[in-house]
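A short worksheet on the structure shown next.
We count ligands from 1, going down the list as the structure has it; atoms in each ligand are counted the same way.
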Amino acid sequence: MTAPKKLFIKTYGCQMNVYDSERMAEAMGGQGYVETSDAADADMILLNTCHIREKAAEKVYSELGRLKKLKADKPDLKIGVAGCVAQAEGEEIMRRQPAVDLVVGPQSYHRLPAMEERLREGKTALDTDFPEEDKFEHLKARPKAKRAPAAFLTVQEGCDKFCAFCVVPYTRGAEVSRPATRVLDEARDLVERGVREITLLGQNVNAYHGQGDKGDVTLAGLIRELAKVDGLERIRYTTSHPNDMDDDLIAAHGEVPELMPYLHLPVQSGSDHILKRMNRSHTAESYLRLIERIRAARPDIVMSGDFIVGFPEETDADFEATMELVREVKYGYAYSFKYSTRPGTPAAERPLVDPQVADDRLQRLQALITQHQQEVQQSMIGREVSVLVERAGREAGQMLGKSEYLHAVHIEASDAQVGEIAKVRIVDSKTNSLGARHC
Ligand code: 5AD
Ligand code: SF4
């Protein structure tokens, strides 16, 4: 018997890439590959890349430069680029870095096994199609190995919103939903293998419309069906667009106990002028009213968001409007980014804000967000929360997991098992986590 080949996957960017990397590793299992966590030991290295900001894309090329050196000592090493940089740049990647053997876009990775065969023949392989067929239907059945208690499950891909700054509609294509029946099958399979919490993924997940047994199913409908799956204790979903938060989805937050009280709902800016220029098709006011309705359905919900500062034409007054919106919402988590020009997007042609001004704004916004994050964490002290235990901590008797609000929690003096949902009381708050004791 020949020894299995080793595959090392480095994942950049969003949670969907984490999911895609798992599925690619499984697909390569059929080609005789097992995963390794050591790049130096690998026969094939796959970079699953992100194109959302320039920095993310450039990181890939510096990593490829390092890998070229590794390949000089190990000529049989195969190097592949997957994900959104692969989609956006295609064969340009091989031109810029000839050490690359394989380029595969996020919609065609079910073809990886066939592409790997080409590499065996000493050829290179490139596939950045948006094929008609559903890649998930062409991927091999997932192996029945035991899984960690929290898993991602992609239910929707692509985006039709075309925000003026964003590459996603070009790299991931038009909105497509997986059939509800398939999603439910995959969820049941994950639960059988030890999963207790599923995060439903989509670039625009709340626009989900999938075919079920009795017709079209919305995200709220899918969540209600998933809540009936025995052993599935927790459901989350990300990422959502404000315009697709329908009444039933809001109601589900109050009605479905399995749906966790945490919601990532990016707004990007608090200025109507900038929102319009971003092609967001909602206002700051409509977003705030939406949050009011969500909080009415689920008062303890922790909100999360994304912001871009220094978008073309952003004035001091526009930025102050963003700060004001953040003060009103008081996010438990928020992610803020300096605007990055993405070639091919409508905003790419517009004049940039002075980079120093953009940097200063980013710092101010991040300071405010951090302050709120700490306050929201502090407000948890003394409260009873439930924690899905994911692994043992570094110190004896310590177990780590996530609360329903997605806070990282370390439980001291714990005899809880991985996969258990522990009732604990929060006793302290550190920078990025909470400390707890069993009730
Ligand atoms: N520049 C900066 N941030 C961006 N994002 C998307 N495109 C860009 C860009 N061109 C941010 C948005 C989005 C998050 C995933 O990344 O805030 O919600
Ligand atoms: Fe990009 Fe999200 Fe806008 Fe779609 S809704 S274009 S993924 S920022």
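We find the CG-OG distance between L434 and S429 to be 5.0 Å, quoted to the nearest 0.5 Å.
Salt-bridge formation is not detected for the pair D300/R295: no Lys NZ or Arg NE/NH1/NH2 atom is positioned less than 4.0 Å from an Asp or Glu carboxylate oxygen. Under 4.0 Å is where a charged nitrogen must lie from a carboxylate oxygen, and between E258 and R234 no such pair does.
Here the protein heavy atom with the shortest distance to atom 5 (N) of ligand 1 is R53 NH1, 3.4 Å. Protein heavy atom at the shortest distance from atom 1 (N) of ligand 1 is S340 N, 3.0 Å. Looking only at heavy atoms of the protein, atom 14 (C) of ligand 1 is closest to D306 OD2, 3.5 Å. From the protein, the heavy atom lying nearest to atom 4 (Fe) of ligand 2 is C159 SG, 2.2 Å. The nearest protein atom to atom 6 (C) of ligand 1, hydrogens excluded, is given as I52 CG1, 3.4 Å; this is a heavy-atom distance.
In this pair, H253 and Y237 present their aromatic rings tilted. The plane angle is within the 30 to 60° band. Between H264 and Y335, the ring-plane angle classifies as perpendicular under the 30° and 60° cut-offs.
Annotation for ligand 2: atoms under 4.0 Å from non-hydrogen atoms of F165 are 8 (S). The ligand atoms of ligand 2 that sit less than 4.0 angstrom from a heavy atom of F162 are 6 (S). Within the listing of ligand 2, atoms 6 (S) sit less than 4.0 angstrom from a heavy atom of P169. Atoms of ligand 1 lying under 4.0 Å from any heavy atom of Q268, numbered from 1 in the order shown and given with element: 12 (C), 13 (C), 17 (O), 18 (O). Of all atoms in ligand 2, numbered sequentially from 1 with element shown, those under 4.0 Å from a heavy atom of H241 are 5 (S).
Cation-pi geometry between R178 and F136 is satisfied (NZ or CZ under 6.0 Å from the ring centre, within 45° of the ring normal).
Proximity of F165 to ligand 1, defined as any heavy-atom pair under 4.0 Å, is shared by backbone and side chain alike. Residue P266 does not touch ligand 2, judged by heavy-atom distances below 4.0 Å. With a 4.0 Å cut-off on non-hydrogen atoms, K338 touches ligand 1 through its backbone and not its side chain.
The nearest protein heavy atom to atom 2 (Fe) of ligand 2 is not closer than 4.0 Å.
At least one donor-acceptor pair closer than 3.5 Å links the side chain of R236 to the backbone N or O of E404.
Surrounding NZ of K161 are more than 12 heavy atoms belonging to other residues, nucleotides or ligands, all under 6.0 Å away. Within 6.0 Å of CZ in R394 there are 12 or fewer heavy atoms belonging to other residues, nucleotides or ligands. Heavy atoms from other residues, nucleotides or ligands lying under 6.0 Å from CD of Q374 number more than 12.
Inclusion of C163 in the first shell of atom 1 (Fe) of ligand 2 is not supported: no N, O or S atom falls under 2.8 Å.
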